[in-house]
Amino acid sequence: MTEEYRPYTLIAELTYRCPLRCPYCSNPLDHARHGEEIDCATWLRVFQEAEALGVVQVNLTGGEPLLRDDLEWLIQKAGKLDLYTNLITSGIPLTFERLARLQAAGLNSVQVSIQSSRQNESDRIAGTVSFHRKVEVMRWVTSLDLPLTMNVVLHRDNIGSVAELIDLAETLSVARLELANAQYLGWAFKNRAALLPTREQIERARTIAAEAKVRLMGKMDLLFITPDYYSSYPKSCMDGWGRRFIVVNPEGLALPCHLAHTLPGLHFDNVRQRHLRDIWHHSSGFNQFRGVEWLSDPCRTCDRRTRDFGGCRCQAFHVTGNIGATDPACALSVDHGLIESARDQASQSVGIPILLEYRSGRERPVERRSHE
Amino acid sequence: MPPDRAKIRLSPKVRLRADRRTGRCLLLYPETGLELNETGAEIVRLCDGTWTFGEMAQCLAQAHADVSPIVIERDLRAFLKALTDRGLVQGLP
């Protein structure tokens with residue numbers, strides 16, 4: 001069997017529920033309307049089937065995975081299968097005792113997100129009072145000698161505080177710091193005009209991050225992830241469609257990326273009805289954009305096609321309306337002008353009040369002022 | 001402790017295990033992992049907190065008598081430095 005399409009990581013989205021309401025949330029826009037979550041017995045079967053397919057890591061994520069009270073049990077079962085377990089969490093709601101229980105169950109690492117290095121800004125973006133608790137949770141994580149990743153989604157309002165974020169990460173003995181610019185899909189796409197930084201902001205932040213990366217080498221693994229909107233070439237989405245990752249969403253849909261089921265015209269299968277191996281190898285959704293055969297111009301003959309596989313399908317669809325198009329983030333795309341005009345808009349909308357739509361079951365636009 | 005007496009160990013975030021499909025050695029850490037070749041695996045297995053750099057070099061030199069100890073020490077240092085830079089190994093002098 002070819003190892004060209006072997007999943008190494010299972011992204012287990014245990015729930016779409018979350019106490020936070022970040023406006024760049026990566027959950028689907030209609031997450032509140034989704035059906036029943038799959039139960040722990042089904043998740044265990046998913047872990048077993050994933051492990052048999054070659055998966056060695058499982059990211060337990062959401063929504064907020066802490067809202068599942070069977071999380072301890074799931075971690076224990078994943079550990080028994082020799083899977084490396086990452087808990088990807090907002091840190092809310094958690095107690096020290098529960099964290100210790102998760103560790104005892106075999107948890108290998110914890111990623112906590114914060115929304116900003118400043119309490120009021122972080123709480124405003126999260127839509128709930130949470131900053132101090134998150135910092136406390138991060139202290140608990142390191143006090144238990146669990147490896148800690150701090151994740152910050154960067155956008156126009158917080159990208160100016162990258163230096164402070166790095167300071168905070170150092171203070172908290174973070175092992176890995178992810179400064180990840182929002183990817184403009186889902187909620188972030190809806191709020192793009194309010195979130196997309198200017199080129200100057202990106203460059204300044206990138207320079208600070210690059211200096212810190214060198215200074216902290218060996219001590220802290222620092223990642224700065226540029227938004228596609230300011231790259232000349234697209235990223236290889238998920239390392240290639242259906243190549244290294246499987247996402248299983250809260251309802252049991254197996255997906256090549258967490259938003260693939262929001263693309264029109266594709267069919268994806270549910271782990272309740274079909275074995276994961278069968279889905280991975282034979283489902284039409286997983287095979288739709290595998291490899292490079294399906295690519296059209298200019299990707300078809302491009303040297304980069306085996307590196308970026310035509311980029312992100314969701315971005316192609318969101319921006320151009322065509323799921324098979326070259327990712328418009330690519331400077332070679334005929335649709336790249338759409339990305340350029342979004343950048344122009346970002347650089348012009350300085351100081352204009354913008355409506356930011358918060359992710360929540362009920363939609364609640366909140367006015368705030370963009371700045372700088 | 002003088003740095004050359006420091007014992008070399010894997011960082012707490014790292015787990016070492018065999019890949020059930022290929023038999024190869026995997027170093028797993030948050031969000032990603034490394035697949036090691038045989039030499040890499042041989043070195044990483046020694047990073048268990050009981051050996052200093054010098055002891056590791058000696059041990060490998062005995063196992064590979066056909067390779068110059070100078071070359072072994074140089075390659076070992078380069079390999080451990082690469083892992084140290086990724087935050088995967090601690091104690092390299």
Side-chain angles (χ1 to χ4, degrees), chain A residues 1-3 6-9 11 50-61 78-79 81-88 103 106-112 141-142 144-151 173-178 180 213-223 225 239 244-245, chain B residues 1-38 40-41 43-49 51-53 56 75-93:
Chain A
M1 176 179 305
T2 171
E3 292 286 300
R6 166 183 169 177
Y8 281 85
T9 302
I11 298 174
E51 197 278 336
L53 263 177
V55 163
V56 292
Q57 295 225 9
V58 55
N59 292 351
L60 300 157
T61 179
L81 291 164
D82 223 4
L83 299 171
Y84 191 102
T85 46
N86 302 293
L87 176 65
I88 299 182
Q103 183 183 34
L107 183 61
N108 292 115
S109 89
V110 180
Q111 172 179 313
V112 178
V141 173
T142 49
L144 290 168
D145 285 328
L146 273 165
L148 171 64
T149 297
M150 182 169 119
N151 170 282
S173 306
V174 161
R176 176 181 159 103
L177 172 61
E178 294 180 354
K213 187 180 175 66
V214 173
R215 180 170 60 80
L216 296 166
M217 186 164 279
K219 207 170 119 195
M220 185 195 297
D221 193 12
L222 197 158
L223 273 89
I225 301 161
D239 285 346
R244 294 288 176 255
F245 290 88
Chain B
M1 183 168 32
D4 58 343
R5 297 302 310 154
K7 312 283 192 189
I8 302 197
R9 65 177 73 243
L10 292 174
S11 304
K13 68 178 176 184
V14 178
R15 262 186 58 202
L16 180 65
R17 59 163 277 198
D19 185 4
R20 281 219 295 148
R21 292 167 73 84
T22 62
R24 285 189 144 185
C25 191
L26 292 177
L27 272 187
L28 300 179
Y29 51 101
E31 300 275 323
T32 184
L34 282 179
E35 196 181 89
L36 302 174
N37 64 15
E38 240 168 78
I43 295 171
V44 164
R45 282 194 202 99
L46 292 174
C47 299
D48 61 359
W51 305 77
T52 66
F53 177 79
M56 281 176 74
D75 291 355
L76 175 64
R77 182 169 295 280
F79 181 75
L80 290 177
K81 172 76 166 61
L83 293 185
T84 301
D85 285 348
R86 290 170 189 245
L88 304 179
V89 158
Q90 298 171 344
L92 183 67

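In what follows, chains are A, B, ... by sequence order, proteins preceding strands, each numbered from 1.
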Trainee: Over all heavy atoms of both residues, which pair between B/Leu26 and A/Val56 is shortest? Give the atoms and the distance, please.
Mentor: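 Heavy atoms of B/Leu26 and A/Val56 come nearest at CD1-CG1, 3.6 Å.
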
Trainee: Verify the neighbour count for atom CZ of B/Arg86: are there more than 12 heavy atoms of other residues, nucleotides or ligands below 6.0 Å?
Mentor: no

Trainee: Has A/Gln57 got a side-chain atom pairing as donor or acceptor with B/Tyr29's backbone, closer than 3.5 angstrom?
Mentor: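 Judged by distance alone, yes, a pair lies under 3.5 Å.
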
Trainee: Between B/Leu83 and chain A, which part of the residue has a heavy atom less than 4.5 Å away: side chain, backbone, both or neither?
Mentor: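 Neither part; nothing is under 4.5 Å.
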
Trainee: Which residues satisfy the salt bridge (charged side-chain N to carboxylate O under 4.0 Å, His left out) test with B/Arg17, sequence neighbours excluded?
Mentor: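 In terms of salt bridge (charged side-chain N to carboxylate O under 4.0 Å, His left out), with neighbours along the sequence ignored, B/Arg17 is linked to A/Asp82.
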
Trainee: To the nearest 0.5 Å, how far apart are OG1 in A/Thr149 and CD in B/Glu31?
Mentor: 6.5 Å

Trainee: Would you check if the side chain of B/Arg21 reaches a backbone N or O of A/Ala52 as a donor-acceptor pair within less than 3.5 Å?
Mentor: yes

Trainee: Heavy atoms only, distances under 4.5 angstrom: which of A/Asp221, A/Val110, A/Leu53 has the most pairs with chain B? Name it, please.
Mentor: A/Leu53

Trainee: Does B/Arg45, at its CZ atom, have more than 12 non-hydrogen atoms belonging to other residues, nucleotides or ligands within less than 6.0 Å?
Mentor: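 No, not enclosed.
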
Trainee: Measure the spacing between CG of A/Leu148 and NZ of B/Lys13 and express it to the nearest 0.5 Å.
Mentor: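 NZ of B/Lys13 is found 11.0 Å from CG of A/Leu148.
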
Trainee: Chain A: which of B/Pro12, B/Pro30, B/Gly87 shares the most heavy-atom pairs with it under 4.5 Å?
Mentor: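 Result: the option with the highest number of such pairs is B/Pro30.
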
Trainee: Looking at A/Asp145, A/Asn108, A/Ile88, which one has more heavy-atom pairs under 4.5 Å with chain B than the rest?
Mentor: A/Asn108

Trainee: Do you know which of B/Asp19, B/Val89, B/Asp85, B/Leu88 has the most heavy-atom pairs with chain A at a distance under 4.5 angstrom?
Mentor: B/Asp85

Trainee: With a 4.5 angstrom heavy-atom cut-off, is it the side chain or the backbone of B/Ser11 that approaches chain A, or both, or neither?
Mentor: neither

